[in-house]
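This report refers to the structure that appears directly beneath it.
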Amino acid sequence: MILDNRITAMTGHQPHPGVSYTATGRPAREIDLEKLVRSLGIENVEVIDPFDHKRMEKAVRDSLNRDGVSVIIARRECALLTVRKLRQKGRIIPYIVDPERCTYCRVCINTFACPAFIDTGEKVKIDPAVCFGCGACVTVCPYNAIVPQEGSLNWLKEGVGV
Ligand code: SF4
Ligand code: SF4
C-alpha cells in the first residue's frame, strides 16, 4: 500500500517529487507513481480514493487473494490541507447523528473511530468542534444515522480534496 496524500505530511507540508510544484511554488513535472510501480514489473496496481471504503475493502481483499505482488495507491490529499482550504472559504459544516435513527450499535466507534465521535453511553454524537465535515463516516453507519447539516459537503461525492 502506498499512501499518496499529495504532500510531505511528516515534516510539515512540503511538496515532494510526487506533486506538480516545487518548494518555491513553481510548476514541476510530477512523478507518476502508477507508472513507476509498473516499471518494476508489478502488474496489479490500483489507484483508489481511501474515502471510497467499499472499493478500498474490495481492493485489499482481492490483493490478499491474488498470487504475487499487488500495489494499492491510496490517493487523497492530506485532510489538513483540505480543511485549511475549506476554512478559507468558510465551508466547514459538521455532520450530525440523528438520535432517532441511532441504535447505539457502536459500529462507527468500533470500526471507524473518528475522533469527533462522542459515546454518551446511550447514543453516539458528533462533536461539532472536532468534526471537519468530510462525510467519510456516512457509509459506515448501518442505520443511516449519520447525516449532513444544511451546507455540509461530502468529500467523496463532491470530489473535494482529490
Ligand atoms: S453506527 Fe450509526 S447507529 Fe450505530 S452507534 Fe454509530 S451512529 Fe449510531
Ligand atoms: S464527517 Fe468526517 S470529521 Fe465529521 S465525524 Fe464524520 S468522519 Fe469524522
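When a ligand or atom number is given, it counts from 1 through the structure's own listing order. When a residue number appears, it is its place in the shown sequence, counting from 1.
Ligand-side atoms of ligand 1 in range of Tyr143: 3 (S), range being under 4.0 angstrom from any heavy atom. In the vicinity of Gly135, heavy-atom distances shorter than 4.0 Å reach the ligand 2 atoms 1 (S), 2 (Fe). Close approach to Phe112 involves these atoms of ligand 2, each under 4.0 Å from a residue heavy atom: 7 (S). The contact set between ligand 2 and Phe132, taken as ligand atoms under 4.0 Å from a residue heavy atom, comprises 3 (S). Of all the atoms in ligand 1, the ones that sit under 4.0 Å from a non-hydrogen atom of Val124 are 5 (S).
At least one donor-acceptor pair closer than 3.5 Å links the side chain of Arg91 to the backbone N or O of Gly151. Tyr21 places no side-chain N or O within 3.5 Å of a backbone atom of Glu30 that could act as its donor or acceptor partner. Proximity of a side-chain donor or acceptor of Arg38 to a complementary backbone N or O of Glu43 within less than 3.5 Å is detected.
For atom 2 (Fe) of ligand 2, the closest non-hydrogen atom on the protein side is Cys134 SG, 2.3 Å. For atom 4 (Fe) of ligand 1, the nearest protein heavy atom (residue, atom name, distance) is Cys105 SG, 2.3 Å. Protein heavy atom at the shortest distance from atom 5 (S) of ligand 1 is Arg106 N, 3.2 Å. Atom 8 (Fe) of ligand 1 has Cys102 SG, 2.4 Å as its closest protein atom, hydrogens excluded (heavy atom only).
Rounded to the nearest 0.5 angstrom, Ile48 CD1 and Arg55 CZ are separated by 4.5 Å.
Ion pairing between a basic and an acidic side chain is recognised when a charged N comes within 4.0 Å of a carboxylate O; Asp119 and Arg106 show such pairing.
With 3.5 Å as the limit, one finds no donor-acceptor pair spanning the side chains of Arg26 and Thr22. A donor and an acceptor atom, one from each side chain of Glu77 and Thr82, are located under 3.5 Å apart. No side-chain donor from either of Arg6 and His16 sits under 3.5 Å from a side-chain acceptor of the other.
Using the six-membered ring where Trp is involved, Phe117 and Phe112 have ring planes that are tilted, between 30° and 60° apart.
Within the 4.0 Å heavy-atom criterion, both parts of Thr103, backbone and side chain, lie near ligand 1. Using a 4.0 Å cut-off between heavy atoms, Tyr104 contacts ligand 1 through its backbone alone, with no side-chain atom that close.
Contact annotation: Cys137 places an N, O or S atom under 2.8 Å from atom 6 (Fe) of ligand 2.
The residue among Cys108, Cys141, Pro142, Pro99 with a heavy atom at the shortest distance from atom 6 (Fe) of ligand 1 is Cys108.
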